[in-house]
Amino acid sequence: MSEQSPRSPLDSRPSRRGLFKFRALAVGAFSVASLLAACGGAGSSATSTTGAATQTSTGPLTGEVKFLNLTDWIGPHTVEDFQSKNPGATITQIAEDMTSSSGPAAVVIQNPSAYDMVFLDASGLGQLTAAGQVQPYDTAAMPNYSAILPVFQKAFPQGVPLDTGQIGIAYRKDKVSEKIATWKDFWSVVPKYPGKTILIDYDRDVIGNALIMLGYSANSTNTDEINKAKDAVLAIKPAVQAFKVLDIAKSLVDGSAYMTMGYDFETAAAMEKNPNIAWVAPPEGLVAYVEGWVAVKGTQHMDIAQSFTDFQHSPDQYKSFVDTMGVPNVQGLKQPPIMDPVPQAQFLQYLGPEATQAVADAWTQIKS
Amino acid sequence: MTDSSSAGAARQRAGRTLRWPLAAPTLIVWATLFAVPVALLILFSFGRIDPSTYKVSFGWTFSNYSKLLEPVYASMLVRSLLIAVASAFICLLVGFPTAYFISRCQGRLQQLLLLAVIIPFWVSFIVRTYAWVSLLRNGGPVEALLRGLHIGSGALDILYTPGSVMVGMVVNYLPLMILPLFVALERVDPSLEFAAADLGTPPRRVLTRVVLPLSVPGVVAGVVLVAIPAAGEYVVPAILGGGKTSMFGNVIFDQFTKTGNYPFGAALAVVFIAFLMLALVLARVAIGSREDVV
Amino acid sequence: MGRIRLSFGLITVVVLASLYLPIVFVFINAFNADEELLGWGGFSTSAFSKVLSDARLRHAFLTSFTIAISATVVSLVVAVTAGLWARRAGKIGRAALGFSVYSRLVLPEVVLAVGVFGLLRKMDLPLGQPAIVAGHVVFLSALATVVVQARLRTMNETLEQAAADLGATPLRAFRRVTLPQLMPALLAGGLLVLTFSLDDLLLSQFLAGSNAETVPMLLLGLIRFKITPEANAIGALMMLITVTILVLAVAVVGLRSGVLSAITGSNQTEGDQE
């Protein structure tokens with residue numbers, strides 16, 4: 001029924017049917033890095049298709065697009081520049097509270113007519129797709145879409161990916177005497193340094209890495225496994241200083257934390273400030289994500305959404321986004337090596353309603 | 001209802017005809033935006049959520065309440081109440097001397113001190129709270145200050161603990177404790193204190209035996225004003241609790257915005273209201289039936 | 001009492017210091033050139049110029065003030081009518097009013113927020129500015145009622161009765177006699193309501209939907225990720241505005257009669273002071 005038979009593991013469509021394939025994800029994830037390496041030059045070739053005149057529709061764009069987005073998670077001048085180019089179009093951003101994988105999609109599902117676009121990770125996209133609330137982009141009409149690496153295009157079907165990343169281990173070599181190479185190491189070292197560990201404040205990231213530690217898939221839909229992962233997190237919680245959304249690596253720089261489960265890109269920036277910080281991508285696997293923009297079903301302004309999304313991916317705008325945020329990009333632009341996906345990375349997928357609820361419950365308990 | 005009872009003067013009739021139109025705004029606000037929402041929450045709390053469409057189906061399941069019996073929620077509940085009560089108590093402990101001191105100052109100085117207590121309340125709650133993250137962190141200004149005063153040594157290690165949540169609560173809510181205490185203490189006639197002192201009562205006993213009992217209404221008002229918002233506080237634990245010292249307000253908030261589980265969030269809210277009503281009844285008993293104290 | 005007075009004075013100093021420590025810190029960091037705020041990176045006003053030129057923030061300021069002013073007007077209307085009602089009402093009416101005010105004051109904000117949110121969603125009513133105003137009014141009108149009632153209780157009714165006896169319509173008597181006497185309470189109550197509304201986060205967050213963004217909402221979004229000089233500059237600006245309003249109001253109505261009674265909800269007035 002779907003014309004794209006999964007070539008890459010990232011391609012598993014987040015449909016109900018596709019759910020059962022997620023467990024195979026860990027096995028085949030190796031192809032990401034090789035694909036990335038193969039496409040290394042995509043960024044430069046993309047510059048030939050400039051961001052000029054992307055509209056295929058006739059007449060000027062008019063109307064307001066409501067965009068549920070992380071605050072400032074966008075090129076620093078993208079909205080302004082787009083609006084001055086299209087005086088009839090307005091982009092209104094609404095602050096998104098993205099501290100749970102299912103939250104933002106749930107907000108849209110509960111009130112779809114209120115939004116035109118939403119920023120989601122692949123899991124949230126799957127959730128929104130399952131609810132039938134995604135309006136697919138006509139990517140053929142978006143000249144800059146081709147600048148995006150195919151792996152990420154496929155990992156983010158019907159939406160347009162913006163950035164990616166991995167959640168691994170970072171620690172201060174000068175403060176932690178034990179060697180940390182695996183998640184098992186991490187779980188056993190954390191209690192030895194009470195109050196010196198910061199975990200990321202995102203349910204699937206933490207539970208996913210705990211699942212990997214236990215030998216399961218980060219995309220497990222098995223409630224028993226999810227509950228075991230919850231218990232594993234609760235076991236180290238007393239030694240955890242905080243769950244934080246961002247600014248995690250800052251604590252490594254100033255020494256208020258010795259270990260973190262956090263983002264690759266934050267760690268990369270921190271490593272430049274403090275050479276004692278080490279990054280570990282455990283060989284047994286680590287959580288990774290692709291996230292991007294999704295148009296909401298029933299939007300009256302698909303033309304604007306389409307044009308605006310394409311504009312964000314025009315070379316200048318996209319480069320200034322990547323430079324400002326320092327995040328791993330999806331266009332194959334040059335970035336610090338730890339930000340390149342590793343073969344064992346397990347990209348998060350939608351788990352289906354029951355497992356999603358199980359993860360949400362587990363997270364509520366972890367945070368309570 | 002106008003033509004009932006005493007005919008009397010024109011102004012009285014005018015007063016009566018005006019009564020119900022005057023009552024309307026308050027009653028409408030109360031009924032539509034207070035009573036109905038609370039009733040709806042009670043209804044929600046017995047409902048169920050469809051995990052894919054997030055639609056609430058009403059029913060009569062107690063599963064949301066039985067879920068609350070799980071140890072994590074029970075300990076969260078106890079923690080919320082403990083933090084709220086402890087914060088109120090600390091506010092009282094430092095607020096009472098402050099209020100007493102201000103109440104015994106004169107004229108312009110008193111006005112100035114009062115204003116100084118009030119002004120921080122007009123400063124963005126979020127920003128004030130966030131400032132404490134930087135202030136309380138290890139190696140931060142507070143640690144340096146304490147070390148400079150030879151009060152503590154070594155790392156402060158307080159940020160992202162229930163301790164830092166309480167610091168945030170106490171500092172943010174202190175004005176709400178000091179002001180009612182001030183009002184109560186001001187009404188205590190200083191001559192009573194002088195009389196007690198003249199009779200040879202030691203100063204400390206004057207405070208505990210004369211001043212304190214007379215300021216009980218202020219104490220109760222202050223405790224209620226601090227403890228209730230503290231128990232339902234969202235911002236302070238979210239910012240200073242490091243995402244692991246969740247309180248009632250956070251868990252309710254998250255059920256509605258993050259997990260989309262309205263029925264469970266509603267059950268939490270209903271239980272919260274029940275606890276508060278109990279606490280308020282106790283407070284009212286303690287204070288008598290004074291109408292003018294919030 | 002000397003020793004006790006001294007130690008109480010010391011505690012007062014510590015209390016004031018802890019109240020102002022974060023505020024001073026916010027102001028300092030608003031001028032910090034170090035974007036990461038890891039240390040003092042030198043003096044810079046770039047955060048302010050960035051903040052002032054930000055279209056989204058300007059919009060949020062406008063939204064915040066529109067909501068706050070509407071909430072203030074509605075709350076005061078509710079409060080004044082409630083106060084006048086209380087003077088005429090019998091025992092049952094008074095009890096009903098007391099209960100409605102008291103219950104609205106003590107209901108935790110988060111419960112109110114989810115309740116009103118649930119109701120609006122259930123009824124398929126739109127979220128946005130009017131919804132936020134409605135949410136704010138629930139709590140703030142109760143607060144304003146306390147202030148207005150405190151004032152009304154100390155007001156002498158003879159003047160109004162005289163006006164009525166002389167043939168003034170109730171409306172005219174209200175406008176010419178009652179209202180002027182109520183003015184200090186209206187100013188104080190209005191000020192309270194305005195600033196509470198401007199600073200509110202929870203209700204706004206729930207009731208905004210996709211149609212409104214207030215300054216505290218924007219701030220929380222910003223701050224979630226990183227505490228920047230800009231966030232501090234926004235805080236400092238909001239602070240300057242609200243404190244200016246406060247100081248102006250204090251100058252107009254005086255501290256005791258207005259602000260103090262407003263916050264404590266006591267019936268403290270000039271009358272029983274001087």
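No hydrogens, no waters, no symmetry mates; every other heavy atom, side chains included, goes into these values. Here is how names work: the chains are called A, B, and so on, in the same order as the sequence lines, proteins then strands, and each is numbered from 1. Just so we're clear, the structure is a prediction, and the values are computed from it rather than from any experiment.
- With hydrogens and angles ignored, the 3.5 Å screen pairs a side-chain donor or acceptor of Tyr20(C) with a backbone N or O of Ala116(B).
- Interface remark: Leu33(B) contributes backbone and side-chain atoms alike to the contact with chain C (heavy atom separation under 4.5 Å).
- When heavy atoms are compared at a cutoff of 4.5 Å, Leu112(C) approaches chain B solely by way of its side chain, counted from C-beta outward.
- The CD1 atom of Ile228(B) sits 9.5 Å away from the CG atom of Leu105(C) when rounded to the nearest 0.5 Å.
- Contact check for Ser103(C) versus Trp30(B): side-chain heavy atoms found under the 4.5 Å cut-off.
- By the 4.5 Å heavy-atom criterion applied to side chains, Trp85(C) and Leu27(B) are counted as neighbours.
- Looking at Val270(B), neither its backbone nor its side chain comes within 4.5 Å of chain C, counting heavy atoms on both sides.
- For chain C, the nearby part of Phe272(B) is the side chain; its heavy atoms alone come within less than 4.5 Å.
- For the pair Phe125(B) and Asp200(C), the minimum side-chain heavy-atom distance is 4.5 Å or more.
- Heavy atoms closer than 4.5 Å to chain C are found in the side chain of Phe44(B), but not in its backbone.
- For Ile119(B), the parts sitting under 4.5 Å from any heavy atom of chain C are the backbone and the side chain alike.
- Only the side chain of Ile178(B) comes within less than 4.5 Å of a heavy atom of chain C; its backbone N, CA, C and O stay farther away.
- By the 4.5 Å heavy-atom criterion applied to side chains, Pro97(B) and Thr12(C) are not counted as neighbours.
- Proximity to chain C is limited to the side chain of Val36(B), based on heavy atoms less than 4.5 angstrom apart.
- Val106(C) is not listed as a side-chain neighbour of Leu276(B), based on a closest heavy-atom distance of 4.5 Å or more.
- The contact between Thr32(B) and chain C is made entirely by backbone atoms, counting heavy-atom distances below 4.5 Å.
- Once rounded to the nearest 0.5 Å, the distance linking CD1 of Ile126(B) with CD1 of Ile223(C) reads 6.5 Å.
- For Val142(B), the part lying near chain C is the side chain, with the backbone staying farther off; criterion is any non-hydrogen pair under 4.5 Å.
- Using a 4.5 Å cut-off between heavy atoms, Val29(B) contacts chain C through its side chain alone, with no backbone atom that close.
- In this structure, no portion of Leu268(B) lies under 4.5 Å from any heavy atom of chain C.
- Residues Lys122(C) and Leu43(B) fail the side-chain proximity criterion, which asks for heavy atoms closer than 4.5 Å.
- Interface remark: Pro120(B) contributes backbone and side-chain atoms alike to the contact with chain C (heavy atom separation under 4.5 Å).
- By number of non-hydrogen pairs under 4.5 angstrom with chain C, the leading residue of Ser134(B), Ala24(B), Pro141(B) is Ser134(B).
- Looking only at side-chain heavy atoms (C-beta outward), Leu107(C) and Phe34(B) come within less than 4.5 Å of each other.
- The side-chain contact (heavy atoms from CB on, under 4.5 Å) test with Val123(B) singles out one residue from Leu19(C), Leu240(C), Ile23(C), and that residue is Ile23(C).
- Side-chain contact between Val114(C) and Tyr262(B) is absent, with no heavy-atom pair separated by less than 4.5 Å.
- Only the side chain of Phe196(C) comes within contact range of chain B, with heavy atoms under 4.5 Å apart.
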